[in-house]
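One structure below.
Along the sequence shown, residues are numbered consecutively beginning with 1. Both counts, for ligands and for their atoms, begin at 1 and track the order of listing. Owing to the predicted nature of the structure, the values given are computational and were not obtained by experimental measurement. Reckoned from all heavy atoms, side chains included, excluding hydrogens, waters and symmetry mates.
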Amino acid sequence: MSATVSGNRGLYLEEPLLFEQDAPGRCGVDLPAPAPVAERLGGLRRTGAIGLPGLSEPQVVRHYTRLSQKNLGIDSTFYPLGSCTMKHNPRLNEKVARLPGFADIHPFQPQRTVQGALELLGTAAHWLTTLTGMPAVALSPAAGAHGELCGMMAIRAALEARGETRRRVLVPESAHGTNPATAALCGYEVESVPANQRGRVDLDALKGKLGPEVAAFMLTNPNTCGLFEDEILEIAEAVHAAGAFFYCDGANFNAIVGRVRPADLGVDCMHINLHKTFSTPHGGGGPGAGPTVLGAALAPFAPLPVVVADGQGFRLIEHAAERPGAQPFGRLKGFHGQFGVIVRALAYMMSLGADGLRQASGDAVLNANYLLATLSDELTPSYPGPCMHEALFDDRFLKGSGVTTLDIAKALLDEGFHPMTMYFPLVVHGALLIEPTETEGKDTLDAFAASLRGLARRAREGDSAYFKAAPTLTPRRRLDETTAARTPVLRWSPPADRAAE
Ligand SMILES: *Cc1c(COP(=O)(O)O)cnc(C)c1O
């Protein structure tokens, strides 16, 4: 590729850090000189420069706009990242979350002045408990993993209240890493349960591991292979017969919402990733919410606060003493959790309605099966039969080609698609986990499938050099990921300091 004079390539503009663009004295706003005030800092007033870059407003606007164009995102392209459920975020939700009655309130306001916000929490709780068939929900967990922590802490509290000290938690070998991590954080020993030939939990192996030492079994359903655990009723029965609790990882609720109520499957508690099932932004690890629904045996141990309605209106219960008969295990979060995320999720649920949520899960499963069927002759599906909301392939189709799953993902970047999830779940070799979600139309699915089929053929024809060079059309080429992980450069230091280093 011929280099340009500027280093820019059309729409791809080289973008220095804001600190590197610093022009001392430049300012985006025109502030009046501060009025003189009496020195109250006892001589500790800063004398050196504060170190913020001098920038104009258009510079800052361009900076962030350019950065936003360097990445593939859900608002720019198809983003089939399995397990993560990158759903479209309807703009209506954003509009509702910005209403002053929701956006401009403070957790310390008197409760009588925020009755609408409390009612919203109560209504969101009603939707989540109705959709799952569970009597209670804790709204404060800030992510799926945090919701797992909530559920496992409730389980631990319930066992302690019974005077039992069970030490082990069982998880399937295909479990998301957060499951064993959560159990370990709660002080449990983690033991994994193998899968059977059909990609589901091996029921006999599970039964063999259950016993008086087991506190809980954590299961994702549909599981991380995109398959419905069809023996889930037998699993629940066996877990309960051993006196253990049945935790469900609800990250894949998107596939069954409006069709199956986890309570009817024998589940004792389950977290819900609002950013996966109810279309709230994933936010790059930013504010999320992972409400945890709890069955009757665990509800008394739910964390505070909870919203209750009585003749006086809505009320927040903040202290255990106000909840006779219950034994809340504590709090998980300052104030009430990510309120703005719950506003968005409720806007989504109410705008779709119960029938719309049911259609969304049906369409998600239909789209995944369309891709599974369309790709099955070129790629290698890991398990026979239909899938739920995500289609799992392994790398057998690349055998002998010298091309890896990672190479396919890099080549997809040049095709203008965000790659699928790679190398997860760990139970199949070189996994490619594709989750199209319900909002994609047939034209997008066909375009993606055509690219992937073309790449699979190219790999088999022996063009491994093409793959090893990919991506070639992105703002950055293939990165040295090992160095990036081992010696990340996380701080900018001014050139003078750098010279001194
Ligand atoms: C996403 C996910 C989690 C963790 O959820 P976060 O909201 O990212 O903390 C747990 N289990 C499964 C199966 C997931 O897909």
Side-chain angles (χ1 to χ4, degrees), residues 74 79-87 89 128 138-153 169-186 190 192-193 195 199-201 216-229 232 246-257 262 267 269-293 332-333 337-338 341-342 344-345 361 364 368 387-392 420-428 431-437:
I74 188 69
Y79 200 145
L81 197 61
S83 209
C84 296
T85 315
M86 305 304 288
K87 284 172 84 131
N89 305 149
L128 296 176
L139 292 175
S140 60
H146 205 206
E148 288 175 34
L149 185 64
C150 176
M152 292 307 291
M153 288 179 78
V169 166
L170 306 179
V171 299
E173 59 183 5
S174 62
H176 193 268
T178 50
N179 293 185
T182 299
L185 194 69
C186 287
V190 181
S192 100
V193 180
R200 276 93 171 170
V201 170
F217 177 53
M218 299 178 85
L219 177 70
T220 309
N221 191 36
N223 68 24
T224 58
C225 299
L227 303 170
F228 193 86
E229 291 283 351
I232 192 164
F246 186 16
Y247 185 94
C248 183
D249 177 328
N252 293 338
F253 194 41
N254 193 45
I256 55 173
V257 62
V267 166
C269 66
M270 180 181 95
H271 77 261
I272 301 166
N273 309 60
L274 295 186
H275 45 290
K276 294 180 184 172
T277 303
F278 297 113
S279 84
T280 64
H282 282 235
T292 302
V293 289
L332 277 169
K333 192 88 182 74
Q338 310 288 12
V341 176
I342 292 169
R344 287 170 176 82
S361 57
C387 62
M388 295 296 287
H389 62 312
E390 48 196 359
L392 178 61
M420 61 279 140
T421 286
M422 306 173 288
Y423 302 107
F424 177 81
L426 306 175
V427 286
V428 304
L432 299 87
L433 185 63
I434 305 174
E435 179 172 4
T437 80

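In terms of the side chain to side chain contact (heavy atoms under 4.5 Å, CB included) criterion, residue partners of Thr224 (sequence neighbours excluded) are, by chain and number, Ser174, Thr220, Phe424, Pro425. With sequence neighbours excluded, no residue forms a salt bridge (charged side-chain N to carboxylate O under 4.0 Å, His left out) with Lys276. Residues passing the side-chain hydrogen bond (donor to acceptor under 3.5 Å, both in side chains) test with Thr277, sequence neighbours excluded: none.
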Quick one: table the atom pairs, ligand 1 N or O against protein N or O, below 3.5 Å, distance rounded to 0.1 Å.
| from | atom 1 | to | atom 2 | distance (Å) |
| --- | --- | --- | --- | --- |
| ligand 1 | 5 (O) | Asn273 | ND2 | 2.9 |
| ligand 1 | 7 (O) | Gly144 | N | 2.7 |
| ligand 1 | 7 (O) | Asn273 | ND2 | 3.1 |
| ligand 1 | 7 (O) | His275 | NE2 | 2.8 |
| ligand 1 | 9 (O) | Gly144 | N | 3.3 |
| ligand 1 | 9 (O) | Ala145 | N | 2.8 |
| ligand 1 | 11 (N) | Asp249 | OD1 | 3.4 |
| ligand 1 | 11 (N) | Asp249 | OD2 | 2.6 |
| ligand 1 | 15 (O) | Ser83 | O | 3.0 |
| ligand 1 | 15 (O) | Ser83 | OG | 2.8 |
| ligand 1 | 15 (O) | Lys276 | NZ | 2.7 |

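With 3.5 Å as the limit, one finds no donor-acceptor pair spanning the side chains of Ser83 and Glu435. Under the 3.5 Å distance criterion, with hydrogens and angles disregarded, no donor-acceptor pair is assigned to the side chains of Asn221 and Glu229.
Between Met270 and the choices Phe246, Tyr247, Phe253, the side-chain contact (heavy atoms from CB on, under 4.5 Å) rule is met once, by Phe253.
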